[in-house]
Protein chains: 2
Amino acid sequence: MSPAEKTRPTGRGSLRDSVLGEDLIFLLARANALALAAANTALAQHGLKARSYSVLALAADGVRPTQRELAEFLRLDPSQVVALVDGLEERQLIERQTDPADRRANVLVATEAGRDLFAQAQESARDVELGLLATVPPKEHERLAELLRLLAFPD
Amino acid sequence: MSPAEKTRPTGRGSLRDSVLGEDLIFLLARANALALAAANTALAQHGLKARSYSVLALAADGVRPTQRELAEFLRLDPSQVVALVDGLEERQLIERQTDPADRRANVLVATEAGRDLFAQAQESARDVELGLLATVPPKEHERLAELLRLLAFPD
DNA sequence: ACAAATAATTGACTTTATCAACGGTTAATG
DNA sequence: CATTAACCGTTGATAAAGTCAATTATTTGT
């Protein structure tokens with residue numbers, strides 16, 4: 001008891017000194033929210049969002065991913081990939097090619113227009129990235145990426 | 001030119017060697033997706049999700065946040081906070097107290113039951129966190145947190 | 001005292017996410 | 001082989017999350 005707290009002191013340093021400020025999961029969520037928002041607004045000028053950008057990226061560098069691989073990689077339900085691919089295919093940025101090795105599967109390939117658009121979008125993406133990294137000492141950039149890779153791909 | 005790629009070699013190392021594998025925004029998104037999923041399933045046993053956990057956490061350590069502060073901190077629309085708070089309040093885990101200093105605002109405070117539940121949930125959260133960090137050398141844990149803080153709070 | 005700004009809330013609406021079911025194809029089994 | 005089981009993409013139904021404008025109660029500035 002002794003609830004002697006004054007009423008104001010929600011005050012100064014604010015919430016980030018609370019337990020959550022040290023919660024990795026929360027930090028990840030918030031960092032992601034900021035990054036995603038920035039990326040989406042920047043990519044909008046190319047008619048893309050982070051999601052469609054990712055799909056285009058993979059199609060564009062010739063990895064020939066199947067939709068299922070994409071779903072797993074992007075952590076999406078396969079049905080969401082369908083919609084994503086539909087959108088990009090209608091805009092003739094990518095193409096579904098039925099995998100000759102397994103005719104159930106579609107392999108995604110970027111058209112020339114797709115590769116061109118990606119090249120442009122990639123610049124925007126890079127700018128956003130640099131913006132986000134503005135507060136991080138450049139020396140640490142690579143280490144941060146490395147650490148994030150460990151979280152993103154724990155194998 | 002020279003498109004000599006065989007058809008199979010989507011093969012081995014897979015997609016993570018593509019451009020996206022170095023894309024910070026993507027890595028953040030994927031790491032977050034994994035963390036969020038793990039957190040949600042672990043917190044489910046307490047009837048919480050990452051979101052409600054965060055709200056409870058802030059209410060529980062006496063920061064007396066207002067809903068607006070919460071919205072900004074968690075990067076949510078104020079209307080989403082309403083729903084979140086409704087849920088926790090119905091379960092009598094937190095309470096809205098109209099801020100005496102500004103009677104428009106509600107200040108969130110955890111009940112004793114709320115603090116108890118949070119204490120338990122926090123352990124689950126910690127386990128999840130350690131699980132996620134399993135691939136990261138312990139020496140680097142604090143540095144990772146520090147770097148994420150920079151991304152999450154660029155000020 | 002009045003106008004403008006702000007906190008929470010509601011409601012309409014769009015976007016994302018989750019899940020089960022289906023047709024076509026391949027892999028595994030007997 | 002001939003089935004059976006498993007798998008890929010797709011669809012459709014449903015639920016959850018996110019976005020936005022409008023409203024009420026209160027506060028702030030003038």
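Below, chain A is the first sequence line, B the second, and so on; all start at residue 1. The structure presented is a predicted model; accordingly, all values stated were derived computationally and were not measured.
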Does [X] reach a base, just sugar-phosphate, or nothing at all? Heavy atoms under 4.0 Å.
{"X": "B:R96", "answer": "sugar-phosphate"}
{"X": "B:N106", "answer": "sugar-phosphate"}
{"X": "B:Q80", "answer": "base"}

query = Which angle, rounded to 10°, do you find between the first-five-pair axis and the last-five-pair axis of the helix from C:dA1-D:dT30 to C:dG30-D:dC1?
reply = 30°

Among residues at least two apart in sequence or on other chains, which ones pass salt bridge (charged side-chain N to carboxylate O under 4.0 Å, His left out) with [X]?
{"X": "B:D77", "answer": "none"}
{"X": "B:R104", "answer": "B:D102"}
{"X": "A:E142", "answer": "A:R149"}

inquiry  = Before you tell me yes or no, could you show the steps for B:R96 and B:V107 under side-chain contact (heavy atoms from CB on, under 4.5 Å), namely the whole-Å CA-CA distance, both residues' side-chain angles and the distance that decides it to 0.1 Å?
reply    = CA-CA 6 Å; B:R96 286 183 234 240; B:V107 142; over 6 Å; no

query = If you look only at pairs with a residue in residues 85-106 of chain B, which of them pass as a ring pair (Phe, Tyr, Trp, His ring centres under 6.0 Å), with sequence neighbours excluded?
reply = none

query = Do any pairs count as a ring pair (Phe, Tyr, Trp, His ring centres under 6.0 Å) and have a residue in residues 116-137 of chain B, sequence neighbours left out, and if so which ones?
reply =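 For residues 116-137 of chain B, and leaving out neighbouring residues, the ring pair (Phe, Tyr, Trp, His ring centres under 6.0 Å) pairs sorted by first residue read B:Y53-B:F118.
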
request  = With a 4.0 angstrom cut-off to heavy atoms of chain B, pull out the first and last contacting nucleotide of DNA chain D, in 5'-to-3' order.
outcome  = D:dA16 to D:dT27

What side-chain donor-acceptor pairs closer than 3.5 Å can you find for residues 127-140 of chain A, not counting sequence neighbours?
unit_1	atom_1	unit_2	atom_2	d
A:E129	OE1	B:L24	N	3.3
A:T135	OG1	B:L150	O	3.2
A:E140	OE1	A:R143	NE	3.3

ask   = Which residue pairs pass the side chain to side chain donor-acceptor pair (under 3.5 Å) test when at least one of the two sits in residues 109-123 of chain A, sequence neighbours left out?
value = none

message = Nearest heavy atom decides the nucleotide; on that basis, is A:R75 or A:R104 closer to the 5' end of DNA chain C?
response = A:R75

ask   = Which comes earlier along DNA chain C counting from the 5' end, the contact point of B:D86 or that of A:R103, where each point is its nearest nucleotide?
value =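 Taking each residue's closest nucleotide, the earlier one in sequence belongs to B:D86.
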
ask   = Is the side chain of A:R68 donor-acceptor paired with the backbone N or O of A:N106 at a distance under 3.5 Å, no angle test?
value = no

query = Residues from residues 46-61 of chain A sitting under 4.0 Å of DNA chain C, heavy atoms only?
reply =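 Correct list: A:K49, A:R51.
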
What side-chain donor-acceptor pairs closer than 3.5 Å can you find for residues 29-45 of chain A, not counting sequence neighbours?
unit_1	atom_1	unit_2	atom_2	d
A:R30	NE	B:A152	O	2.8
A:R30	NH1	B:E72	O	3.1
A:R30	NH1	B:E72	OE2	3.4
A:R30	NH1	B:F73	O	2.8
A:R30	NH2	B:E72	OE2	3.4
A:N40	OD1	A:A50	N	2.8
A:T41	OG1	A:A38	O	3.1
A:Q45	NE2	A:A42	O	2.9

task = Give me the first and last nucleotide of DNA chain C, going 5' to 3', that has any atom under 4.0 Å from a heavy atom of chain A.
result =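 The contact span of chain A on DNA chain C goes from C:dT15 to C:dT26.
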
inquiry  = Same cluster or not: B:F153 versus B:L151, using hydrophobic residues (I, L, V, M, F, W, Y) connected whenever any side-chain heavy atoms lie under 4.5 Å apart?
reply    =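 Hydrophobic grouping puts B:F153 with B:L151.
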
query = Of A:S79 and A:D102, whose closest DNA chain D nucleotide lies nearer the 5' terminus?
reply =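 The residue closer to the strand's 5' end, by nearest nucleotide, is A:D102.
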
inquiry  = Please determine whether a side-chain nitrogen of the Lys or Arg among B:R16 and A:D155 lies less than 4.0 Å from a carboxylate oxygen of the Asp or Glu.
reply    = yes

ask   = So, do A:L58 and A:E69 sit near enough that their side-chain heavy atoms are less than 4.5 Å apart?
value = no

